[in-house]
Amino acid sequence: MTKLVSRELKATRLGFGEMLVELGRENPNVVVLGGDVTGSVRTDLFAKEFPDRFISVGVAEQDMMCTAAGLAVAGKIPFASAYGEFATGRPFDQIRQSIAYSRVPVKICASHCGITVGPDGATHQSLEDMGIMRMLPHMTVATPCDYLETRKMIRATMSWNHPIYIRFFRDNTPVFTDDATPMTFGKANTLIEGKDVTVIACGLQVWESILAEEELAKEGISVRLLNMHTIKPIDRDAIVKAAKETGAIVTAEDHQRQGGLGGAVAEVLAETIPTPMEFVAVNDTFGESGGGAELMMKYGIAKDDVVRAVRKVLKRKKG
Amino acid sequence: MTKLVSRELKATRLGFGEMLVELGRENPNVVVLGGDVTGSVRTDLFAKEFPDRFISVGVAEQDMMCTAAGLAVAGKIPFASAYGEFATGRPFDQIRQSIAYSRVPVKICASHCGITVGPDGATHQSLEDMGIMRMLPHMTVATPCDYLETRKMIRATMSWNHPIYIRFFRDNTPVFTDDATPMTFGKANTLIEGKDVTVIACGLQVWESILAEEELAKEGISVRLLNMHTIKPIDRDAIVKAAKETGAIVTAEDHQRQGGLGGAVAEVLAETIPTPMEFVAVNDTFGESGGGAELMMKYGIAKDDVVRAVRKVLKRKKG
Amino acid sequence: MMPDNNPSQPSLTVRELPEMARQIRRDLMKMLLLSKSGHSGGPLGLSDIFASLYFHIMKVDPARPTMPERDYFFLSAGHLCPVWYATLARRGFLPIEELSTLRKINTRLQGHPAPAYTHGVPGIEIASGALGQGLSIAVGCAIGLRLDKKPNRVFCLMGDGELDEGQIWEAAMTAGHHKVDNLIGIVDRNFCQIDNRTDKVMELEPLPEKWAAFGWHVLECDGNDIEQFIETVGQAKALKGKPTVIIAKTFMGKGVSFMEDNYKWHGMPPNEEQAKQALSELPPTKFGDFIEFEWEKASIVAEVKA
Amino acid sequence: MMPDNNPSQPSLTVRELPEMARQIRRDLMKMLLLSKSGHSGGPLGLSDIFASLYFHIMKVDPARPTMPERDYFFLSAGHLCPVWYATLARRGFLPIEELSTLRKINTRLQGHPAPAYTHGVPGIEIASGALGQGLSIAVGCAIGLRLDKKPNRVFCLMGDGELDEGQIWEAAMTAGHHKVDNLIGIVDRNFCQIDNRTDKVMELEPLPEKWAAFGWHVLECDGNDIEQFIETVGQAKALKGKPTVIIAKTFMGKGVSFMEDNYKWHGMPPNEEQAKQALSELPPTKFGDFIEFEWEKASIVAEVKA
Ligand SMILES: Cc1ncc(C[n+]2csc(CCOP(=O)(O)OP(=O)(O)O)c2C)c(N)n1
Ligand SMILES: Cc1ncc(C[n+]2csc(CCOP(=O)(O)OP(=O)(O)O)c2C)c(N)n1
Ligand SMILES: [Mg+2]
Ligand SMILES: [Mg+2]
C-alpha cells in the first residue's frame with residue numbers, strides 16, 4: 001500500500017459541483033434542484049452551464065424532494081441538494097414516502113454536514129443525518145473522505161438505480177486518495193492493513209484516523225484502517241473480518257454516536273461476533289459555533305480522540 | 001413476582017386520552033394541540049371537556065410542533081400528538097431546533113405507531129420514529145407496554161421537565177401491569193427474573209415476550225424479561241447487568257432493526273461487555289396493509305420470533 | 001374491458017359516465033364492506049370526477065400503463081385511493097375481482113397507494129398517503145415533461161383539508177414561479193376533513209384568492225356534475241401561462257343519503273346494514289358488480305318471489 | 001446602560017433612534033470583521049427596525065429579560081442575528097464588549113440564535129436558524145398569552161426569502177383561523193435572498209394578497225424609515241380581529257454604499273478594507289464603539305496630524 005499523504009486541500013463539495021457539470025454534459029437527462037444555497041453546495045457550476053436544467057424551488061426543502069421525485073417519474077435524473085440537516089431531517093417524511101418507499105432514484109446530495117461546518121452553529125450542524133437516513137429501507141447512505149472520492153461517488157450514482165444520500169463537507173480538506181483508489185458502494189476500502197485493532201472511519205474522520213495510525217504505529221500498534229464510505233448497505237463482511245482478525249474496533253465519524261456509523265457497526269458485531277468497540281463521535285450533544293478543527297477537538301472527533309479510543313479498546317481486548 | 005396475565009384488552013391510546021383529561025382538570029396550564037386526527041389519538045376527550053385549551057392547527061404537523069413550543073414559551077404545558085410518522089419524521093427539523101435544541105419541554109405523544117397500525121399500510125406505519133427521536137440530544141424517548149403504563153407515563157411527564165416523545169398504539173391490547181408496577185423514566189422494569197438469557201422488549205413486544213417466556217420456560221430455558229419502556233436515556237446498568245448475569249440478549253420491538261431499541265442496546269454492549277445478541281424487529285423493509293397480528297407474524301416481531309431468537313442466541317452463547 | 005386502440009379517444013361518452021360513476025360507488029360500498037376499514041366519504045364524493053378523468057378526459061391505456069404518451073395522474077390525498085382502485089379496475093388496469101382484496105394482507109390495493117413498481121397497482125406512479133406531497137411531485141413531473149417538450153398533461157388531485165399542509169403552498173409557489181401550465185390541480189372541495197368541517201378545523205376561505213395569489217388560474221365547478229366538470233377541465237386546458245387549479249365542490253358521501261355531507265364518514269366503512277341501505281340507493285348498472293353477496297342473491301330471490 | 005425603571009417607557013426618543021441605528025450598523029461591521037464569517041446584508045438593512053423595536057416600541061427590561069410583562073420577540077430568520085445581538089447589547093442585555101465574540105468558539109453569540117437557557121443570550125426565547133419555524137412559535141406564544149388574558153404583544157420577524165418555506169403559510173393559516181390579534185408579523189422585504197433577487201429564486205408577489213388571503217391585516221411601509229415604521233406598528237396595534245403583518249421594505253446592506261441592494265452581501269462579512277470603507281460611510285456616534293481597531297487609532301492620529 002502506498003503511503004497516504006495529503007497532496008492538496010480541496011473541498012468535497014467542489015468535487016460534487018464539478019462532477020455534476022461533467023455528468024450534465026454527458027447526459028441531457030441530468031437535472032439539478034436548487035434550494036437557494038446554490039453557491040454553498042456548488043450547484044452554481046451546473047446552474048451556470050445548464051440554466052434550463054437547473055430548477056429553483058426556493059427555500060423549500062420538502063417541496064424540493066418531492067419535485068425531484070416527480071422529475072424522476074418523468075424520466076429525469078434529479079440531484080437534490082442542500083445543507084445536511086435541511087436535506088434530510090427537514091424533508092424526512094417526504095424522502096421516506098416519495099423517494100424511499102416509492103423507490104425513486106433521486107440523488108440527495110448534502111454539503112455542510114457534520115460539526116465541521118463550523119461558525120454557523122448547532123442548527124446548521126447535521127449530526128443525525130446519516131443515522132436517520134440509514135433507517136429508511138431502500139436508501140443508500142454514503143460519505144466520501146476527500147474531494148476525489150466525492151467525484152467518484154457522484155459519478156457512480158449514475159449507474160446506481162436506488163435512492164441515495166451522499167454526505168459531504170464545507171471545508172477544504174486533504175486529498176489523499178488517487179485515481180486508482182477503489183470506490184464501490186457497499187464495499188469498505190482497506191486503506192491500511194493492520195492486526196491489533198481496526199479503525200472504521202468515514203468522511204473527514206478517515207484523514208484523522210490516518211494521522212492517528214501514524215502516531216500509533218510509532219508505539220508499535222498495528223492499526224487496520226477501513227474507509228467505510230458506505231454506511232448503508234454496510235459492508236458486513238469487512239466488519240466481521242476485522243473483528244475476527246484484529247479483535248477490537250474503533251469507529252470514527254462526525255456524527256452523533258447513537259445511531260450512526262458506530263451504531264451500524266455495533267449492530268453487525270452484536271449479531272455476528274461480539275467485539276470490544278469504542279466510538280469516536282459526538283456524544284449526544286448539539287454543536288456550537290467555532291472553527292471546524294477547533295470543534296473537532298472540543299467535541300472529541302479529532303486525531304487525538306482516535307488515538308485515545310484505540311488505546312482504550314486495546315485495554316479491553318481479550319488476551 | 002406475580003404472574004403476568006392479561007386482565008382485559010384496552011388501547012394504550014385510550015390511556016393517553018383519559019389521562020390528558022385528568023391532567024387537564026388538575027392543571028389549567030395543560031393545553032393540547034390537534035392535527036385533525038383527534039378521534040384517533042384520543043385527544044377528543046380533552047377537546048370535549050376543555051375546548052378553549054384545545055388548539056386545532058389543521059393537518060400541519062410542522063406548524064403543530066412549533067406552535068407547541070411557542071405555547072411552552074408562554075408558560076403552557078403543551079401536548080402535541082399525531083400518528084407516529086407524522087409526529088416525528090414529518091416535523092423532524094422542527095422538533096430538532098424548536099424543541100430539542102431549544103430544550104423546550106413539549107410532550108410529543110404519538111399513537112398508531114409501528115406496523116400494528118395495520119390496514120392503513122406502509123405510509124402510516126412508523127418504523128423509524130424511536131430511532132430518529134433517540135438521535136436528538138435532550139430528548140427522552142419512551143413507549144408504554146399497555147394501557148396502564150401509558151397512564152403512568154403521561155402523568156409522569158408532568159414532572160419531567162425535558163422534551164419527550166412517547167409512542168403508543170392503535171389496537172386494544174392486553175393490560176397486564178397493575179397499579180403497583182413501577183414506571184420511572186430511564187429505569188428498565190424487570191418483569192421476569194431469569195438466568196440463561198435476557199429479552200429486552202418495549203411496547204407491544206413486551207406482551208409477545210411474556211408469551212415467549214412461558215413457552216421457553218416449558219423447555220427449561222430461564223428467561224429474564226426487561227420492559228425497556230425508556231429507549232432514551234437507556235438504562236445502561238440494567239443492560240450491563242443482564243449481559244453479565246445471563247450472557248445473551250434478545251431485543252424485541254415493533255420498529256426497524258437498525259437504529260432502534262436493538263441498536264441502542266448493541267451500542268451499550270459494544271462499549272461495555274460485548275455479548276451475543278439477536279434482534280427481533282422489522283428487517284429494513286417498509287410495512288404493508290393487513291391486520292396487526294398478521295403483520296407482526298409476517299414481519300417477524302411476534303411471540304414465535306422471540307422464541308426463535310432466544311434459541312438462536314443461546315446457541316451462540318459461550319459455554 | 002379491452003385496451004383502447006386509440007387511447008386519446010374517450011372510452012365512454014359523457015352520457016354513459018353517470019352510470020359508470022354509480023357503478024364505482026357500488027364498488028366502493030362493497031369494497032369497504034369487505035375490507036372493514038377505509039374511507040367512504042371522500043371516495044363517494046369523487047366518483048364522478050374519477051369516472052370523468054379515466055373514461056373521458058385523460059389519455060391512458062390500461063394495456064400500457066406506462067405508455068410515454070399517457071397523461072399523468074397523481075393522487076396527493078392518498079386516503080382517497082378506494083375510488084382510484086375501483087376506477088382503475090373498471091378501466092381495465094386490474095381485474096375487478098381484485099377489488100375484494102382492499103387493505104388485506106398481500107394485496108396490491110394497499111390502504112394508501114403503493115407505486116406499481118413496488119407492490120402497487122399499474123397506473124399508480126408513486127406512493128401517497130402522507131398528505132401534502134403530491135402537488136410537488138406533479139409539478140416536478142410537469143417540469144420534466146416540459147423540458148422534453150412533451151405534450152402530456154399532468155393532473156393532481158388534492159383534498160381540501162390537505163391544503164392545511166404547507167408543502168402544498170410551497171408547490172403552488174414553485175408551479176406559479178415556473179409557470180407550469182401543463183399542470184391541472186383539482187381540489188376536492190367537500191368542506192369536510194377528519195375532525196370536523198373544514199371551517200371548524202382550519203378555515204381555508206377565501207380559497208380561490210389563495211391560489212390566485214400564488215400565481216394560478218382558478219376555476220370553480222360542481223364536482224358532482226359530470227358535464228360541468230368536463231367542461232371546466234376543457235377550459236383549464238385552454239388556459240396558458242400559469243398552472244390552473246379547479247376547485248371542485250363535491251359532497252362527501254355523495255350518492256348515499258346518510259353519508260352525504262357528513263364529515264363523520266371521512267374514514268369509516270359501512271357495516272353490512274349500512275352497505276345494504278347504500279346499495280339500495282345506488283341501483284345496479286349494466287357494468288355489473290365485482291361480487292355478489294349472499295344476501296343480495298337472497299333479496300333477488302325474495303323479489304322474484306314477491 | 002441602566003435597566004429601565006419603567007419598561008413601558010421608550011428608552012430613546014424617535015429623534016435619537018437614527019443615531020442608535022447607525023451605531024448598530026457600525027457594530028455590525030466591526031463584529032463581522034472580527035468573526036470573519038456571518039451575514040452583513042440583512043442585518044444592515046434591519047438596523048432601523050431593531051433600533052425602533054428595542055428602544056422605542058417593545059416593552060423590555062434588560063435587567064429582567066424574562067419579566068412577565070415583556071413583549072415577546074421571535075427572530076424567525078435566525079441568520080439575521082448579528083443585528084439582534086448588537087441591539088440587545090446596546091439595550092443592555094449583554095456587555096457590548098461581548099460583540100467581539102460573534103461566532104467564536106464558546107460564545108453566547110452563536111452563528112444562529114441559541115436560547116438563553118441553553119448557552120445563548122438573555123432576551124432570546126428560543127433557537128432559530130433553520131428557516132420557517134418562527135412564525136408558528138410566535139402564534140403559539142400569542143395564543144398562550146391570550147389564554148391567560150395577558151396584554152403582552154408578540155412580534156415575529158421573517159425574511160422574505162424565508163416565506164418560501166411552507167411552514168410560514170401553515171402558521172399564517174393557523175393565526176388567521178384563530179384570529180390571533182396580539183401578534184404582529186414583520187416581513188423584511190428586501191427582495192434579496194442567497195442565490196439572487198427573490199423574483200429570480202422564487203416569485204413572492206403579489207405578497208400582500210397572499211397574506212390577506214390567509215386571513216391577515218396587511219400593512220406596508222418603508223422599513224428604513226424609522227418614523228414610518230413606528231407609525232405603522234402603531235396602526236398594527238390598533239387593528240383587531242385578525243393578526244397583522246407589516247411588509248417592511250428595506251434595502252439589504254442599507255447604509256453601506258457598496259453593499260446596498262446587492263444580494264451577494266447576504267452572507268458575507270466585510271474584509272478589512274471593506275470594513276474601513278463601510279465605517280467611513282457610517283460616522284461615529286455618541287454611543288461609542290465596542291472596540292477600536294489599531295488602524296482606527298492610526299487614522300485618528302493621521303487626521304489630527306493632517
Ligand atoms: C401528513 C399527514 N397528516 C395526517 C394524516 C391523517 N389524515 C388522513 S386524511 C386526513 C384529512 C384530510 O382531509 P381532506 O383532504 O379534506 O380529505 P377528506 O376528509 O375530504 O376525504 C388526515 C388528517 C395524513 N394522512 N398525513
Ligand atoms: C430550512 C433552511 N433552509 C435553508 C437555509 C439557508 N439559508 C439561510 S438564509 C437563506 C436565505 C433567506 O432569504 P431571506 O429570508 O430573504 O434573508 P436575507 O437574504 O434577506 O437576509 C437561506 C436559504 C436555512 N437557514 N434554513
Ligand atoms: Mg375534504
Ligand atoms: Mg431577503
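Since the structure is predicted, the reported quantities are computational estimates derived from the model, not experimental observations. Proteins get letters first, then strands, A, B, ... in listed order; numbering begins at 1 in each.
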task: Specify which of D/Gly166, D/Gly120, D/Pro115, D/Ala116 makes the most heavy-atom pairs with chain B at under 4.5 Å.
output: D/Pro115

query: Which bit of D/Thr66 is near chain B, if near means a heavy-atom gap under 4.5 Å: side chain, backbone, both or neither?
result: neither

query: Are a donor atom and an acceptor atom from the side chains of B/Ser81 and B/Arg42 found within less than 3.5 Å of each other?
result: no

message: Side chains of D/Trp84 and D/Ile124, heavy atoms from C-beta outward: is any pair under 4.5 Å?
response: yes

task: Name the region of B/Val31, side chain, backbone, both or neither, that has any atom closer than 4.5 Å to a heavy atom of chain D.
output: side chain

query: Between B/Gln97 and B/Cys66, is any pair of side-chain heavy atoms under 4.5 Å apart?
result: no

task: Applying ring pair (Phe, Tyr, Trp, His ring centres under 6.0 Å), run through B/His124 and B/Phe86 and close with a yes or a no.
output: CA-CA 8 Å; B/His124 284 52; B/Phe86 308 143; 5.3 Å; yes

- prompt: Under 6.0 Å between the ring centres of D/His112 and D/His79?
  reply: no

- prompt: Using a distance-only test with no angle check, is there a side-chain donor-acceptor pair under 3.5 angstrom linking D/Thr101 and D/Thr107?
  reply: yes

query: Quick one: of D/Ala114, D/Ser128, D/Pro68, who has the most non-hydrogen atom pairs under 4.5 Å with chain B?
result: D/Ser128

task: Would you kindly say whether B/Tyr83 and B/Asp120 are connected by a side-chain donor-acceptor distance under 3.5 Å?
output: no

For chain D, the option from B/Leu33, B/Asn29, B/Val57 that forms the most heavy-atom pairs under 4.5 Å: B/Val57

message: Checking an interface table here. Which of residues 204-215 of chain D come within a heavy-atom distance under 4.5 Å of chain B?
response: none

message: Looking only at heavy atoms and a cut-off of under 4.5 Å, which of D/Gly78, D/Gly129, D/Ala127 has the most pairs with chain B?
response: D/Ala127

query: Going through the distances and angles, do B/Arg134 and B/Glu267 end up as a salt bridge (Lys or Arg N to Asp or Glu O under 4.0 Å)?
result: CA-CA 13 Å; B/Arg134 95 178 168 89; B/Glu267 290 165 14; 3.0 Å; yes

N/O donor to acceptor pairs below 3.5 angstrom from side-chain atoms of residues 131-149 of chain D, sequence neighbours left out:
residue	atom	partner	partner atom	Å
D/Gln133	OE1	B/Ser98	OG	2.6
D/Gln133	NE2	B/Asp93	O	3.4
D/Gln133	NE2	B/Asp93	OD2	3.1
D/Ser136	OG	B/Asp63	OD1	2.7
D/Ser136	OG	D/Gln167	NE2	3.0
D/Arg146	NH1	D/His178	O	2.9
D/Arg146	NH1	D/Lys179	O	2.9
D/Arg146	NH2	D/His178	O	2.9
D/Asp148	OD1	B/Lys76	NZ	2.5
D/Asp148	OD2	B/Lys76	NZ	3.3

